[in-house]
Amino acid sequence: MTRARLPRWASFAVLAAALAHNTWRSWLCWGDLVSDCGRDLDIALAVLKGVPLYAQATYLYGPLPPFLNAGLFLLFGVHANVLMAAGWLSALAATALVYRIVKLFAGRWTATWCGVAFLYLCAFGHYSMNAIFNWMLPYTYAATYGMLFAVASLYFLLKHIRRPRPVLVWLSALCAAGAALCKLEALLPCCSLHALYLVFLWRTRAPNWKAAAGAYAGALVLVLGVYGWFWHTTGPALATGNILLRGNVTDAPRHRDILGLTDPARALALAGGSCLAFAAALLAARLAEALRG
């Protein structure tokens with residue numbers, strides 16, 4: 001006799017309990033208005049007041065987060081609580097996506113606990129004294145919004161591969177464009193995923209390549225159009241003084257170390273170890289599902 005599978009209501013109850021517990025235990029212990037986080041609030045307020053982004057308001061990331069946060073300020077008022085609520089909703093959406101992605105490959109039990117792990121380790125993680133590396137009030141919303149778009153892009157792409165539908169590949173491509181308009185680092189995994197998908201289309205001679213080509217072309221036009229408009233208004237300062245700020249990438253030893261450029265061999269070894277650990281976790285999850293019947 002096999003064990004009963006975890007009911008859907010129980011899965012949702014566990015995730016809701018984990019979300020509530022994390023919210024309660026970390027209540028208002030998020031971010032640091034003096035370090036990094038205050039910049040995102042100030043930039044959103046500046047955009048709301050009509051200050052030209054990049055031309056007069058220096059910003060190191062894509063244009064979507066400041067305008068999105070400025071829109072939230074316009075609707076709900078200028079207050080840190082507004083962006084904290086946005087961070088909470090972003091974490092909720094990311095948890096749902098993690099759950100749905102894992103469920104495509106494993107059972108509801110595994111998907112539930114992956115969602116719980118994301119909540120405790122990522123969404124509400126507190127890894128520094130000033131707690132700026134979480135989703136509630138992060139050092140920059142470009143990071144969390146970008147990751148949310150990237151995960152959504154992965155989900156829609158996987159759904160499309162399982163059941164090809166043009167709307168799904170369009171949603172996946174548009175989410176990748178959203179990641180590109182948030183933070184360039186979030187775009188890299190998206191590009192890797194979609195490159196693999198293009199190889200998949202080529203190897204399998206799949207008939208849905210036209211839908212994929214149209215979706216990618218549309219996403220590319222969107223991204224280039226947005227950045228092109230800002231380039232037109234700010235000129236080369238968009239790259240040299242903002243998104244690709246020289247002092248943020250090539251001159252600062254701390255940032256070179258974060259990017260893994262100080263010791264590339266060690267960075268690649270750590271990345272390889274992470275991939276192996278992730279693969280082992282997936283294997284253990286599948287084994288646990290198999291033992292449960």
Enquirer: Would a hydrophobic clustering, with Ile, Leu, Val, Met, Phe, Trp and Tyr connected at side-chain separations under 4.5 Å, put Leu171 with Leu198?
Expert: yes
Enquirer: Does a side-chain heavy-atom distance below 4.5 Å link Lys159 with Leu104?
Expert: yes
Enquirer: For the residue pair Val116 and Leu15, what are the closest heavy atoms and their distance?
Expert: N-CD2, 3.7 Å
Enquirer: When you group the ILVMFWY residues by side-chain heavy-atom contacts below 4.5 Å and let the links chain together, are Leu89 and Leu148 in the same group?
Expert: yes
Enquirer: Given Phe73 and Leu83, is the side-chain contact (heavy atoms from CB on, under 4.5 Å) satisfied, shown in steps?
Expert: CA-CA 8 Å; Phe73 280 165; Leu83 295 194; 3.9 Å; yes
Enquirer: What distance separates Leu268 CG from Cys275 SG, expressed to the nearest 0.5 Å?
Expert: 10.5 Å
Enquirer: What is the minimum heavy-atom distance between Met136 and Gly87, and which atoms define it?
Expert: CE-O, 3.6 Å
Enquirer: Where the side chain of Thr95 meets the backbone of Ala91, is there a donor-acceptor pair that is under 3.5 Å apart?
Expert: yes
Enquirer: If you count every heavy atom of other residues, nucleotides or ligands that lies below 6.0 Å from Arg25 atom CZ, does the total exceed 12?
Expert: yes
Enquirer: Is there a side-chain contact between Val223 and Leu220, using heavy atoms and a 4.5 Å cut-off?
Expert: no
Enquirer: State whether the side chain of Thr234 and the backbone N or O of Ala55 hold a donor-acceptor pair below 3.5 Å, judged by distance alone.
Expert: no
Enquirer: Do Thr23 and Phe124 have side chains that get closer than 4.5 Å, going by heavy atoms?
Expert: yes
Enquirer: Is there side-chain contact between Tyr141 and Thr144, with heavy atoms separated by less than 4.5 Å?
Expert: yes
Enquirer: Rounded to the nearest 0.5 Å, what separation is found between the CG atom of Leu19 and the CH2 atom of Trp88?
Expert: 4.5 Å
Enquirer: First locate atom SG of Cys122, then atom CG of Asn22, and finally report the distance between them rounded to the nearest 0.5 Å.
Expert: 11.0 Å
Enquirer: Considering non-hydrogen atoms only, spot the tightest contact between Ala18 and Leu119 and give its length.
Expert: CB-CD1, 3.8 Å
Enquirer: Quick check with a 6.0 Å cut-off and a 45 degree axis cone: is Arg162 positioned over the face of Phe105's six-membered ring?
Expert: yes
Enquirer: Working to the nearest 0.5 Å, report the span between NZ of Lys103 and CZ of Arg8.
Expert: 6.5 Å
Enquirer: Step by step, would you call Thr112 with Arg108 a side-chain contact (heavy atoms from CB on, under 4.5 Å)?
Expert: CA-CA 6 Å; Thr112 300; Arg108 189 171 288 122; 4.0 Å; yes
Enquirer: First locate atom CE of Met84, then atom CG of Leu41, and finally report the distance between them rounded to the nearest 0.5 Å.
Expert: 8.0 Å
Enquirer: Do Ser90 and Tyr145 come within less than 4.5 Å of each other through their side chains, counting heavy atoms only?
Expert: yes
Enquirer: For Cys37 and Pro138, which heavy atoms make the closest approach, and how far apart are they?
Expert: SG-O, 3.2 Å
Enquirer: Within the structure provided, determine whether Val47 and Val51 are in side-chain contact (heavy-atom separation under 4.5 Å).
Expert: no
Enquirer: Yes or no on side-chain contact (heavy atoms from CB on, under 4.5 Å) for Trp24 and His21, after CA distance, side-chain angles and deciding distance?
Expert: CA-CA 5 Å; Trp24 171 78; His21 178 246; 4.1 Å; yes
Enquirer: Same hydrophobic cluster for Leu188 and Tyr155, using side-chain heavy-atom links shorter than 4.5 Å among ILVMFWY?
Expert: no
Enquirer: Identify the two heavy atoms, one from Cys182 and one from Ala142, that lie closest to each other, and give their separation to 0.1 Å.
Expert: O-CB, 3.3 Å
Enquirer: Is Thr110 reaching over with its side chain to a backbone N or O of Ala106, donor-acceptor style, under 3.5 angstrom?
Expert: no
Enquirer: Cluster question for you: counting only ILVMFWY and a side-chain heavy-atom cut-off of under 4.5 Å, with indirect links fine, are Leu276 and Leu283 together?
Expert: no
Enquirer: Side chains of Pro63 and Phe230, heavy atoms from C-beta outward: is any pair under 4.5 Å?
Expert: yes
Enquirer: If you look at every heavy atom in Ala179 and Gly146, which pair is closest and at what distance?
Expert: CB-O, 3.8 Å
Enquirer: Give the ring-plane orientation class for Tyr59 versus Tyr54, where under 30° counts as parallel, over 60° as perpendicular and anything between as tilted.
Expert: tilted
Enquirer: Do the ring planes of Phe118 and Trp135 sit parallel (below 30°), tilted (30 to 60°) or perpendicular (above 60°)?
Expert: perpendicular
Enquirer: Working to the nearest 0.5 angstrom, can you tell me the gap between Leu97 CG and Leu92 CG?
Expert: 9.5 Å
Enquirer: Please work out which of the three classes, parallel, tilted or perpendicular, describes the rings of His160 and Tyr197, given edges at 30° and 60°.
Expert: perpendicular
Enquirer: Is the side chain of Ser172 donor-acceptor paired with the backbone N or O of Leu168 at a distance under 3.5 Å, no angle test?
Expert: no
Enquirer: For Trp113, does the CH2 atom sit with more than 12 other heavy atoms under 6.0 Å from it, leaving out its own atoms?
Expert: no
Enquirer: With no hydrogens and no angle check, is any side-chain donor or acceptor of Asn134 less than 3.5 Å from a backbone partner on Leu137?
Expert: yes
Enquirer: Any side-chain heavy atom of Phe149 sitting closer than 4.5 Å to one from Leu64?
Expert: yes
Enquirer: Is Leu187 reachable from Leu238 through a run of hydrophobic residues whose side-chain heavy atoms are each under 4.5 Å from the next?
Expert: no
Enquirer: Run Val167 and Phe156 through side-chain contact (heavy atoms from CB on, under 4.5 Å) and show every step you take.
Expert: CA-CA 9 Å; Val167 66; Phe156 288 123; over 6 Å; no
